[in-house]
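Notes for the one structure printed next.
So that the names make sense, note that chain A is the first sequence line, chain B the second, and so on, each numbered from 1. Being a predicted model, the structure only gives us computed values, none of them experimental.
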Amino acid sequence: AQTVTQSQPEMSVQEAETVTLSCTYDTSESNYYLFWYKQPPSRQMILVIRQEAYKQQNATENRFSVNFQKAAKSFSLKISDSQLGDTAMYFCAFMKQPQGGSEKLVFGKGTKLTVNP
Amino acid sequence: DSGVTQTPKHLITATGQRVTLRCSPRSGDLSVYWYQQSLDQGLQFLIQYYNGEERAKGNILERFSAQQFPDLHSELNLSSLELGDSALYFCASSPSSLNTEAFFGQGTRLTVV
């Protein structure tokens with residue numbers, strides 16, 4: 001079974017600075033997807049960024065980027081120029097490569113990020 | 001706004017009761033997923049429907065059931081409720097059976113007293 005571990009229950013950062021959230025996972029699969037979701041106080045789950053395991057290039061979405069280390073099974077999220085609106089719970093998630101159907105998302109426990117003014 | 005609508009937003013009920021949570025997926029999305037978020041278990045996948053048929057099953061209790069109707073909305077039925085069922089229940093939808101484009105609703109907060 002796949003597991004996702006987020007070792008930082010809480011983090012804080014000053015506005016405009018950079019912060020990195022850690023995520024490690026365990027799997028025997030070679031093809032899979034990794035995700036970072038953001039859950040602000042509104043409770044909405046928002047997809048931040050997605051990485052396909054077969055792609056060596058790290059995914060980037062504006063101020064959000066990942067450091068994907070497949071051999072180390074590590075998938076960290078870097079937030080640059082942090083903004084107050086980035087305050088939220090961040091969840092790392094894993095999904096096996098779908099084969100003829102769909103696969104469930106396996107989530108980590110989350111990291112609570114606070115951006116301070 | 002993700003386009004996924006869940007009702008009700010909040011629900012308080014007593015132990016032993018039965019409730020129904022409703023989800024309307026984004027227009028055109030065929031797949032609906034249900035997740036449970038609790039403090040001790042985190043986010044757990046419950047079940048997925050695709051175009052009216054059950055496609056995948058996760059950690060869903062026998063007291064829980066779901067269905068997807070011809071208009072593609074879905075309902076999650078929770079019966080014989082226990083205190084431990086108190087959680088946030090999310091619905092997500094995607095255009096196909098592949099999960100990589102799933103969009104989440106705002107969830108239903110269920111409190112069992």
Is there a chain of hydrophobic side chains (I, L, V, M, F, W, Y, each step under 4.5 Å between heavy atoms) that links [X] to [Y]?
X	Y	value
A/Leu47	A/Phe94	no
A/Val19	A/Leu77	yes
A/Ile49	A/Leu113	yes
A/Met89	A/Tyr37	yes
B/Leu39	B/Leu11	no

Considering non-hydrogen atoms only, spot the tightest contact between B/Gly107 and A/Arg43 and give its length.
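Taking every non-hydrogen atom into account, O-NH2, 3.0 Å.
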
Specify the closest pair of heavy atoms between A/Leu105 and B/Phe45, including all atoms of both residues, with the distance to one decimal.
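Minimum heavy-atom separation between A/Leu105 and B/Phe45: O-CB, 4.3 Å.
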
Let me confirm one number: the CZ-CE distance from B/Phe103 to A/Met45, rounded to the nearest 0.5 Å.
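Going from CZ on B/Phe103 over to CE on A/Met45, the span is 13.0 Å.
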
Checking A/Val106 against B/Gln44 for the side chain to side chain contact (heavy atoms under 4.5 Å, CB included) test, could you report, in this order, the C-alpha distance in whole Å, the side-chain angles of both residues, the deciding distance, and whether it holds?
CA-CA 7 Å; A/Val106 178; B/Gln44 294 205 65; over 6 Å; no

So which of B/Gln106, B/Arg109, B/Lys57 has the largest heavy-atom pair count under 4.5 angstrom toward chain A?
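Between B/Gln106, B/Arg109, B/Lys57, the count favours B/Gln106.
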
Heavy atoms under 4.5 Å from chain A: which residues of residues 60-90 of chain B carry them?
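Interface residues of residues 60-90 of chain B: B/Leu88, B/Phe90.
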
Are A/Phe91 and B/Leu43 close enough, and set up right, to give a side chain to side chain contact (heavy atoms under 4.5 Å, CB included), and what steps lead you there?
CA-CA 9 Å; A/Phe91 292 94; B/Leu43 270 158; 4.1 Å; yes

Against chain B, label A/Gln39 side chain, backbone, both or neither, depending on which of its atoms sit under 4.5 Å from a heavy atom there.
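Side chain only.
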
Considering residues, nucleotides and ligands other than A/Lys109, do more than 12 of their heavy atoms fall under 6.0 Å from its NZ?
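Yes.
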
